[in-house]
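This report concerns only the one structure given below.
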Protein chains: 2
Amino acid sequence: MGRDKPRRIIDTYVNLLVDSGVRQATIEAVARRCGLSKAGLLHHYPSRAALDAALLERLRSLVEEDVTVMREAPGGAVRYYLASSLDAESDLERIVVAATRLAQADHSPAGELLRWARDLWYDVLVEQLGDPLLARFVLLAGDGVSYHTDISTPNEQPFITADDIDSFTRVFETLQRSEGDGRQTLA
Amino acid sequence: MGRDKPRRIIDTYVNLLVDSGVRQATIEAVARRCGLSKAGLLHHYPSRAALDAALLERLRSLVEEDVTVMREAPGGAVRYYLASSLDAESDLERIVVAATRLAQADHSPAGELLRWARDLWYDVLVEQLGDPLLARFVLLAGDGVSYHTDISTPNEQPFITADDIDSFTRVFETLQRSEGDGRQTLA
DNA sequence: GTCTATAAACCGATAGAC
DNA sequence: GTCTATCGGTTTATAGAC
C-alpha cells in the first residue's frame, strides 16, 4: 500500500482536473496533495506532457477493460452505458472528464483518444442493437447524462436520476423491438 | 462598423475560449487578436473577472432571446433544440461552450448561469411535450449532440448529421403521440 | 528519491506618458 | 483610449545537495 506512487500521482492529477479545472491542476498543486515537492514529483514524471501522456494511457487501458465488460453486461449494453454515464464517481467516468478538460485545452492527443473511445463504445452498441442510428441515439443520451452530471452541483437535486435511466433504457428496448418488427419508427 | 469595441473584445474572448481553452485565453492573447495592447484592453474591462462577467451577461441575454424563438419555432421546440445543438457555429452555441469552459475552470457563476439556461429550455420542452420525462430525454439528446460536436475535429466526418437530427425528432414526436394515446412507452 | 534554490517565461494588473 | 514600462505573483523546469 502506498507503494505505487506514480499511480497515486495520476489519480491526484485526475481529481484536480475534474474538481478544479486545468488552471488549478498545476504540477505544484498535484505534488502538494501527494505530500511531495515539485521537484519530487518531476522525478517520476519529468514534465507536464509526461503527466498528460500517463493520464491518457491509463484512460486507454480503462476503456479497453470497460468495453469488454459492456459487451457482456447482464442487463444489456444500452442499460450499462447509460447507467455508467450517471455514475460520476467511477474511475472511468472521472478520467474521461479529466481527458475532456485536456482536450478542451487544445491538447489534441486527448481529443483523439476520446474519439477512439467513442468509436469503441459505438461499435458495441451497433453490435447489440443492429442499428447504427439507434446506437448513435443511445450514445447521445449517455453523453448528455455525463454533461448534466458534470455541470450539476452536489447540493442541488440531480437533474437526471437512476429511475430516468431505467425509463430511457426501456424506450430504447421498445424502439429496437419495433425496428425488428419492421415498424420503422427510425430512419 | 468596428465602433462597438467592447462587443468585439467579448467575441474574441469567446473564440479563444472555444478554440484554445481557458489556458490560452489570456488577456494579452485577446488583446493581440483585437489589435490592442494589454493595457488597452484593460481600459474597457478592468480585470479578467469583468471580462467573464460581460461574457456571462451576453450569454444571459442570448438565452432569453433564444427561449422565445424556441417557443414559437415552426417545426416545434424539439426539432429546434436538437438542430440548434448541431449548429456549432452559432453565436449562442459558441458562447455556451465558452461558458462551459469557464464553469469547468471552477468559475461558479458560469455553472449557475448554465443551469439557469438549462431550466429555461427544459420548461419550454415540458410545456410543449406535456411530459417532464420526455422533456429530459430531449434535453439529454441535444446536449449529447453538443458534446460530440465539441470533441469532433473539422477534418473528420461528423458523427451526427442533420439527417440524424431529423430521425430523432420524429422518434420523439412518435413517443409523444403514443403517450397521448395512453400507450405508456415511458415511465 | 526527495529536497531547497533558482532560472526563465508568463500572467494579471498598475503607473504614467501621449 | 491607447501606449510602454514595470511590479508582484505563478508556473514549468533545472541544478545541485543530501
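Small disclaimer: the values here were computed from a predicted structure and weren't measured. Within every chain, numbering begins at 1; the chains are lettered A, B, ... in the order of the sequence lines, protein sequences first and strands thereafter. What you see below is based on every heavy atom in this structure, not just the backbone, and it leaves out hydrogens, waters and symmetry mates.
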Original post:
OP1, OP2 of D:dT12 versus side-chain N and O of B:Arg23: anything below 4.0 Å?
Top reply: yes
Original post:
Between C:dA13 atom P and B:Asp52 atom CG, what is the distance in whole Å?
Top reply: 10 Å
Subject >> Rounded distance (Å) that lies between atom P of D:dT12 and atom CG of A:Leu42 >> reply: 9 Å
Original post:
CZ/B:Arg136 to OG1/A:Thr161 distance, rounded to the nearest 0.5 angstrom?
Top reply: 6.5 Å
**OP:** Considering just the side-chain nitrogens and oxygens of A:Lys5, establish if one lies under 4.0 Å of OP1 or OP2 belonging to C:dT2.
**Re:** yes
Original post:
What is the nucleic acid contact for B:Ile27, judged by heavy atoms within less than 4.0 Å: base, sugar-phosphate only, or nothing?
Top reply: sugar-phosphate
Original post:
Quick one: is C:dT2 close enough that its OP1 or OP2 comes under 4.0 Å of any side-chain N or O from A:Ser37?
Top reply: no
**OP:** Round to a whole Å and report the spacing from CZ of B:Arg48 to P of C:dC11.
**Re:** 10 Å
Original post:
Nearest to the side chain of A:Lys38 - C:dC3, D:dT12, D:dC3?
Top reply: D:dT12
Subject >> Rounded distance in Å - NE2 (A:His43) to C1' (C:dC3) >> reply: 12 Å
Original post:
Angle class for the A:Tyr122/B:Phe159 ring planes (parallel below 30°, perpendicular above 60°, tilted otherwise)?
Top reply: perpendicular
**OP:** Identify the residue among A:Asp11, A:Asp19, A:Asp150 that makes a salt bridge (Lys or Arg N to Asp or Glu O under 4.0 Å) with A:Arg94.
**Re:** A:Asp19
Subject >> Taking every non-hydrogen atom, the tightest pair across B:Val30 and B:Ile9 >> reply: CG1-O, 3.8 Å
**OP:** Before accepting this row, confirm whether a basic side-chain N of the pair A:Arg177/A:Glu173 lies closer than 4.0 Å to the acidic partner's carboxylate O.
**Re:** no
**OP:** Starting at atom OH of B:Tyr45, determine the distance to atom P of D:dT2, rounded to an integer number of angstrom.
**Re:** 13 Å
Original post:
For the pair made of CZ in B:Arg32 and P in D:dT2, what is the distance, rounded to whole Å?
Top reply: 17 Å
Original post:
Starting at CD of B:Glu28 and ending at C1' of D:dT6, how long is that distance when rounded to a whole Å?
Top reply: 13 Å
**OP:** Rounded off to whole Å, could you give me the CG-to-P distance for the B:Leu41 and C:dC11 pair?
**Re:** 14 Å
Subject >> Sugar-phosphate only, base, or nothing, as touched by B:Thr26 at under 4.0 Å among non-hydrogen atoms >> reply: sugar-phosphate
**OP:** Could you tell me whether the phosphate oxygens of D:dT2, OP1 or OP2, come under 4.0 Å of any side-chain nitrogen or oxygen in B:His44?
**Re:** yes
Subject >> Nearest-neighbour nucleotide for the B:Ala39 side chain, D:dC3, D:dA15, C:dA13 considered >> reply: D:dC3
